[in-house]
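In what follows, chains carry the letters A, B, and so on, assigned in the order in which the sequence lines appear, proteins first and then strands, with residues in each chain numbered from 1. Values reported hereafter were calculated over all heavy atoms of this structure, with side chains retained and with hydrogens, waters and symmetry mates removed.
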Protein chains: 2
Amino acid sequence: MSRCNLEHPARRRQHALVFAALSDETRLSLVSALAGGRPRSITQLTDGSRLTRQAITKHLHVLAGAGLVRCSRRGRESRFELDPQPLQELRAYLERVSEQWDQALARLKVFVEG
Amino acid sequence: MSRCNLEHPARRRQHALVFAALSDETRLSLVSALAGGRPRSITQLTDGSRLTRQAITKHLHVLAGAGLVRCSRRGRESRFELDPQPLQELRAYLERVSEQWDQALARLKVFVEG
DNA sequence: ATAAATAGCAACCTCCGGGTTGCATATTAG
DNA sequence: CTAATATGCAACCCGGAGGTTGCTATTTAT
């Protein structure tokens, strides 16, 4: 009985936070836009969207709150850039869950057959 | 200029849906509980939680709406089991974003140095 | 020096997510 | 048959998410 339940609540909270940050189409497109590597200003990120600059700003702050994005002031503009670390953490988490699933299925198969 | 923006809106919608389903701590713990491979009834999943059975039911339906979980009636109880496919899809998506980031950084580095 | 560009702040609105309670229904146990 | 179990359905509440508008402040261009 590997009743790990390996996620301590703190880690689970953080995962939920990052998942929530990625749960909006607008924010996914912002992530996609910033995955190009170059820091972008708010107006740059607003162009090509049908939303207001303030809406985009709020979305960027949500991403920042999850650690997915960092902001630095450059002259009169705020430049946002991606931080891929939380994405990698999520990927690792999803891998762990899938792995747990596979191992569980393997054990159940043995139990049924053997 | 690889302006792929590879996510068609439909795919992005689906990703947002699954991310949203995983954006709640309660639902993450349900996924964790179901990752054990054995189908669980609603009351089983409610035991050990401080929430109401109806609350858990709603969460399960959210997970089902994202395709993360399937339900089948067995006698008087509803048995829920995990479907890892959407999880793998998300993992692949996160990998693509990270890869795009890495390649972009590499290109920018060449641009600066060369 | 003035005007245009960029962004921050605050108030406001609407809608939905998470949660509860209450009651009805179906299934199994005794 | 009757009671306990397991679930479904609907109404309701509350707070926060997503979005807008209006105004102000700072930086840059002309």
Examine B:Leu51 and B:Leu28 and state if one hydrophobic cluster contains both, with Ile, Leu, Val, Met, Phe, Trp and Tyr joined whenever side-chain heavy atoms are less than 4.5 Å apart.
yes
d(CZ, B:Arg79; P, D:dG8) in whole Å
14 Å
First encountered from the 5' end of DNA chain D, between A:Val62 and B:Phe80
B:Phe80
Counting the atoms with a prime plus P, OP1 and OP2 as sugar-phosphate, which does B:Thr52 contact under 4.0 Å by heavy atoms, base, sugar-phosphate, or nothing?
base
Specify the separation, in whole Å, of atom CG of B:Leu30 and atom C1' of C:dG18.
13 Å
Do A:His15 and B:Glu25 have side-chain N/O donor and acceptor atoms under 3.5 Å apart?
no
Measure from CD on A:Glu77 to C1' on C:dA5 and round the result to the nearest Å.
10 Å
Polar side-chain contact B:Arg76-C:dA26 base: donor and acceptor under 3.5 Å
no
Is there a side-chain polar atom (N or O) of B:Thr26 under 4.0 Å from OP1 or OP2 of C:dG18?
no
Looking for any heavy atom pair under 4.0 Å, which part of the strands does B:Arg27 touch: base, sugar-phosphate only, or nothing?
sugar-phosphate
Separation of B:Asp24 atom CG from D:dG16 atom P, in whole Å?
15 Å
Minimum-distance nucleotide (side-chain atoms of A:Ile42 versus D:dT7, C:dG8, C:dG19):
C:dG8
Think A:Thr43 has a side-chain N or O under 4.0 angstrom from the OP1 or OP2 of C:dA5?
no
Distance below 4.0 Å between A:Ser78 side-chain N/O and C:dG8 OP1 or OP2
yes
What about B:Arg53: does its side chain form a donor-acceptor pair under 3.5 Å with the base of D:dG8?
yes
Any donor-acceptor N/O pair under 3.5 Å between D:dG19 base and A:Lys58 side chain:
yes
If you take all heavy atoms of A:Ser32 and B:Gln100, which pair is closest and at what distance?
O-NE2, 3.9 Å
Ignoring hydrogens and angles, tell me if any N or O in the side chain of A:Arg27 forms a donor-acceptor pair with the backbone of A:Ala20 under 3.5 Å.
yes
Minimal non-hydrogen separation, A:Ala66 against A:Val18, with atom names:
O-CG2, 3.9 Å
Under 4.0 Å: is that the gap between some side-chain N or O of B:Thr57 and OP1 or OP2 of D:dT7?
no
Length of the CZ-P vector between A:Arg40 and C:dT6, whole Å
14 Å
Looking at A:Gln54 and D:dG22, is any side-chain donor or acceptor paired with a base atom of the opposite kind under 3.5 Å?
yes
Out of C:dT6, D:dT7, D:dG19, whichever nucleotide has its closest atom nearest the side chain of B:Arg73
D:dT7
Between D:dT5 atom P and B:Asp47 atom CG, what is the distance in whole Å?
12 Å
I'd like to know if A:Arg11 pairs up with A:Glu89 as an ion pair, taking the criterion as any Lys NZ or Arg NE/NH1/NH2 lying under 4.0 Å from an Asp or Glu carboxylate oxygen.
yes
Can a side chain N or O of B:His59 be found less than 4.0 Å away from OP1 or OP2 on C:dG19?
yes
With a 4.0 Å cutoff (strictly under), does any side-chain N or O of B:His61 reach OP1 or OP2 of D:dG8?
no
Rounded interatomic separation in angstrom, taking CZ from B:Arg74 and C1' from D:dA6:
16 Å
Could you tell me how far apart B:Leu51 (CG) and C:dT21 (P) are, to the nearest whole angstrom?
11 Å
